[in-house]
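Notes follow once the structure below has been shown.
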Amino acid sequence: MNQQKLKSIFAEALGIEESQVTDTLAYNTIPEWDSVAHMALVAEIDDQFDIMLDTDDVLDLSSFAKAKEILQKYDIRFE
Amino acid sequence: MHTFWNNFNEYKDRVAVVEQVGKAYTYSELQQDMERLQKKIRASYKQLILILAKNNYEYIVSYLAVLQNKDAVMLVNADLEESLLQTIIDSYQPAYIIGDVHHEDYKSIEAGILRRSVAPDYEIFQDVALLLSTSGTTGSLKFVKLSYENIAANAKSISEYLHLQTDDRGLVNLPIHYSYGISIINSHLHVGASILLTNDSIISKEFWKFVENEKATSLAGVPYTYQTLLRIGFQKMELPHLRYFTQAGGRLSEKLISVYAEYASRFAKKFYVMYGQTEAAPRISYVPPEEILNKIGSIGKAIPNGKLTIDEETGELIYEGPNVMLGYAKDFNDLARGDELHGKLHTGDIAEVDADGYFYIKGRMKRFIKLFGLRLNLDEIEKQLEKTLRKDVFCVGTDDKLFVVTDVMELKEEIKRLMEDLYKLHRSAFQVKVVEDIPRLANGKVNYVVLKEMML
């Protein structure tokens, strides 16, 4: 469920199709994921999961796979 | 006039430029590399050189080599859309292009340098040194013409009020085709200090590693930079080498000014809120950091050697100083013209001044609309709403309709109520729109032109 939720957050924040959101999707590899979109993405993750990502995690969140790994630290589980 | 680009031999083995990859270049190496390029592009007449700039050493070399040669240089964003770039090339017909581009009128003389096949046949006024666009991404053909004196004088003023010294290591985290970015370079080289070049964004790990490893003494930002810095927790970073940080390129909210002023005082750093325009090379005024908490929202006082006044009739802020541009250009024909402003710039901003001589921008002259005969200042409305909402809102409009734009759906009703209460406006006179992604320029500023188009 969280997997799907995160996928739609990515699609929404970056303005791309959900089918484009795969584990390998990474920051700066598509024009849609630039620094401005990154901050929108972070804001959306904060909001939707009701958390506040730390500085290091905001900077580390460089791919979809990495996002899942980071979110586990905030007790958000991905099966 | 001390033209810093003619003075590099004096600093010899001091480091002039450090690149993100960690390579450092001394002033002697910089001078040698400039001379190497000059030999390739020198002509018996004054020419225009176009640089498709990125924040890398080779473009700094090119920029300085052209200045030293007394040729004219045009800095353009290397990422500019191809067809926009072609239009600029056709309109200005530069003798050389430094960067990565193809154009039928140009032949490559070596990697990254193109020469116009038929030598351009137009005149360039002797004082024209630097052409900068006032908008980084739209590819407008309108460029600001700055003279050698404009650049040198502004570099000197900036280095004075920032108290720059030879051991400073200024981070250039803004694009060098942007007037704020190039002014960081100019002011540091003016005193023989070092510049740290990066193309990375403040949200990348590499960026902060570079800041730490290279012991950056300053960083710079537009309002959007400081909004982002807040979210990534800059105000908690100690950054022991950082001596000061600067903000320009638009109005920073009062809340954020307080946050950063308090951060600065907690960690014994200085926070400079500044104001300028590309037309002034670009710095016009600054708030002395020790006054920042007393003068929140002010653009401060004129820089050393500059003077600010307010036109009594129109309320327009007028700046006078040696850094005021020669004029605008729309194509190569305009490069022959001499100084048209004579050191006096009409900023287009409406301002007020307080009893201590601190200036406050009240809005753009052009950001006024007339609704039912009522003169409304869009910037003022934004400010008022933000005070209550504690969230950014954006106003655009025409003379018959006002749009208030937010990216927070939940605020819609509250904004409507506020607009009716504050301005006694009828609901039909304005619309509150929710836009998820506020359009922004490459430098992070709100793109009001696009935003307005979206509304109409």
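Worth saying up front: this structure is predicted, and the values here are computed from it rather than measured.
No more than 12 heavy atoms of other residues, nucleotides or ligands sit less than 6.0 Å from atom CG of A:D50. Annotation for A:Q4: atom CD counts as buried by contact number, over 12 foreign heavy atoms lying within 6.0 Å. Counting heavy-atom neighbours within 6.0 Å of B:K383 NZ, excluding the residue itself, gives a total above 12. Atom CZ of B:R266 is surrounded by more than 12 heavy atoms from other residues, nucleotides or ligands within 6.0 Å. Remark: B:K387 NZ is loosely packed, at most 12 non-hydrogen atoms of other residues, nucleotides or ligands lying under 6.0 Å away. By the 6.0 Å contact criterion, NZ on B:K391 is open, its count of non-hydrogen atoms from other residues, nucleotides or ligands being 12 or less. Within 6.0 Å of atom CD in B:Q235, more than 12 heavy atoms from other residues, nucleotides or ligands are found, so the atom counts as buried in its surroundings. B:E212 CD: 12 or fewer foreign heavy atoms inside a 6.0 Å radius.
Once rounded to the nearest 0.5 Å, the distance linking CD of A:E32 with CG of B:D437 reads 11.5 Å. A distance of 8.0 Å separates OG of B:S201 from CG of A:N28, quoted to the nearest 0.5 Å. Here the CG atom belonging to A:D57 is positioned 12.5 Å from the CD1 atom belonging to B:I232, to the nearest 0.5 angstrom. From A:E44, atom CD reaches atom CD of B:E436 across 7.5 Å, with rounding to the nearest 0.5 Å.
Counting heavy-atom pairs closer than 4.5 Å to chain B, the top-ranked of the candidates A:V36, A:D34, A:V58 is A:V36. Between chain B and the options A:A13, A:G15, A:S35, the largest number of non-hydrogen pairs under 4.5 Å is found for A:S35. The choice from B:I203, B:T228, B:I202 that makes the most heavy-atom pairs within less than 4.5 Å of chain A is B:I203.
Proximity to chain B involves both the backbone and the side chain of A:L53, based on heavy atoms less than 4.5 angstrom apart. Heavy atoms closer than 4.5 Å to chain A are found nowhere in B:Q227, neither backbone nor side chain. Looking at B:Y224, the atoms closer than 4.5 Å to chain A (heavy atoms on both sides) all sit in the side chain, from C-beta outward.
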Review point. How far apart are the C-alpha atoms of B:F207 and A:L59, what are their side-chain angles, what is the distance that settles it, and do they pass the side-chain contact (heavy atoms from CB on, under 4.5 Å) test?
Key: CA-CA 10 Å; B:F207 178 91; A:L59 304 183; over 6 Å; no
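Between A:T55 and B:W208 there is no side-chain heavy-atom pair separated by less than 4.5 Å.
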